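Note sheet for the following structure.
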Amino acid sequence: MDLEPVLGEENGNDNFRPLKTIPVFSFHLLVSTMISFIGVGMAIVFPENKRCEAYFLMLYLRAIFWVVTLLFDHVIKYHHDKLRMNGFHDFHRATAVHKSVPFYLVSLWNTAIMTIQTLMQHYYGEDFGEHCIQSFFSPIVYISAFSALETGILAVIHGFYIARVVRFNRARPLPDAMRGSFESGSSVGLTQRNADVAELLEKQADLISFLQDHNLRLNQRLMQMNSEVRTITLPPS
């Protein structure tokens, strides 16, 4: 029968829903890489009288990248909230900080660039255009270097995250409640000395939500089976 496994059974998790965040992380890293290549290319190819235009174009791209990162952050949180509601609370907590780092990193980088731009505009004033055409210390060079460094950091962060999600999806684990992760000290109503009460309450709420959803699906399947049995056993009129 195609029933979901009941709590306590050690059957394969045929109802496992993989975490579908790898394409989103890959796309975000691709956008960052493209912006870095564009910046380096403009710093090399653009003539000196066009360096200011290249710099301001990079500022526009940085603003667009922040919007992309904001949308990326919302999509990742959506998938991780679904993961938590499906009963994988431990993995959700283990990646809670990791999934938020890209948004904070890009925001910090853009804030630093905006601060440098403000300082240059304040001290250079009307001579800002002349500093744009300097060979090695022009604004297009520093913002391209910033973007390249940011891409390198994101590549490490995204790489670790993607590897972790790949292992999680391949393992196809059972939800925490079915694996007994709430036993021995982290069960509902039990806590160890000096344990975090807020974390315990969060685990209790997560477990209750998962069990309610699990029971609802089992009840729906039971009603469906009863309906099928009645249809088979009832004699034709």
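Quick caveat, the model's predicted, so the values are computed rather than measured.
There is a path of hydrophobic side-chain contacts, each under 4.5 Å, that joins Ile35 to Val67. Following chains of ILVMFWY side-chain contacts shorter than 4.5 Å, one can reach Met58 starting from Ile64, so the two form part of one hydrophobic cluster. Both Ile157 and Tyr104 are part of a single hydrophobic cluster, where members link through side-chain heavy atoms under 4.5 Å apart. A single hydrophobic cluster is seen to contain both Val101 and Leu29, as judged by linkage of ILVMFWY side chains at heavy-atom distances under 4.5 Å, directly or through other members. Phe37 and Val106 end up in different hydrophobic clusters when Ile, Leu, Val, Met, Phe, Trp and Tyr side chains are linked at under 4.5 Å.
Considering only heavy atoms from C-beta on, Phe72 stays 4.5 Å or farther from Phe65 through its side chain. Proximity of Ile76 to Phe25: side-chain heavy atoms (C-beta onward) are separated by under 4.5 Å at one or more points. In this structure the side chain of Lys99 never reaches within 4.5 angstrom of the side chain of Asp73, judged on heavy atoms.
Judged as a side chain to side chain contact (heavy atoms under 4.5 Å, CB included), and not counting sequence neighbours, the contacts of Ser107 are Trp66, Phe103. For Ser144, there are no side-chain hydrogen bond (donor to acceptor under 3.5 Å, both in side chains) partners, not counting sequence neighbours. With sequence neighbours excluded, no residue forms a salt bridge (charged side-chain N to carboxylate O under 4.0 Å, His left out) with Lys20. Leu57 is linked by a side chain to side chain contact (heavy atoms under 4.5 Å, CB included) to Met42, counting only residues two or more places apart in sequence or in another chain. Applying the ring pair (Phe, Tyr, Trp, His ring centres under 6.0 Å) criterion to His98, with sequence neighbours excluded, gives Tyr161. Every residue two or more places apart in sequence or in another chain that forms a side chain to side chain contact (heavy atoms under 4.5 Å, CB included) with Arg167 is listed here: Ala163, Arg164. Applying the side chain to side chain contact (heavy atoms under 4.5 Å, CB included) rule to Phe27 yields the partners Val31, Val68; only residues at least two apart in sequence or on another chain are considered. Checked against ring pair (Phe, Tyr, Trp, His ring centres under 6.0 Å), Phe91 has the following partners two or more places apart in sequence or in another chain: Phe168.
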Determine, step by step, whether Phe46 and Ile140 satisfy the side chain to side chain contact (heavy atoms under 4.5 Å, CB included) criterion, reporting the C-alpha distance in whole Å, the side-chain angles of both residues, the deciding distance to 0.1 Å, and the verdict. CA-CA 10 Å; Phe46 271 46; Ile140 183 59; over 6 Å; no
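Residues Asn169 and Arg172 share a closest heavy-atom pair of O-CG, 3.2 Å. Of all heavy-atom pairs between Leu154 and Ser32, the closest is CD1-OG, 3.7 Å.
Classified by interplanar angle (parallel below 30°, tilted 30° to 60°, perpendicular above 60°), the ring pair Trp109/Phe146 is tilted.
Clustering of Ile, Leu, Val, Met, Phe, Trp and Tyr side chains at separations under 4.5 Å places Phe160 together with Val156.
Here CD1 of Ile38 is found 10.0 Å from OG of Ser147. Values are rounded to the nearest 0.5 Å. Leu59 contributes atom CG, which lies 7.5 Å from atom CD1 of Ile113 (distance to the nearest 0.5 angstrom).
Using a 3.5 Å distance cut-off with no hydrogens or angles, the side chains of His158 and Ser26 do not pair a donor with an acceptor. Checking Thr151 against Thr33 by side-chain atom types alone, no donor-acceptor pair falls below 3.5 Å.
Residue pairs meeting the salt bridge (Lys or Arg N to Asp or Glu O under 4.0 Å) criterion with at least one partner in residues 31-44, sequence neighbours excluded, are absent. Identified under the salt bridge (Lys or Arg N to Asp or Glu O under 4.0 Å) test for residues 142-154, with sequence neighbours left out: Arg62-Glu150.
Side chain of Ser100 to backbone of Ala96: a donor-acceptor contact under 3.5 angstrom is found. Not one N or O on the side chain of His80 forms a donor-acceptor pair closer than 3.5 Å with the backbone of His92.
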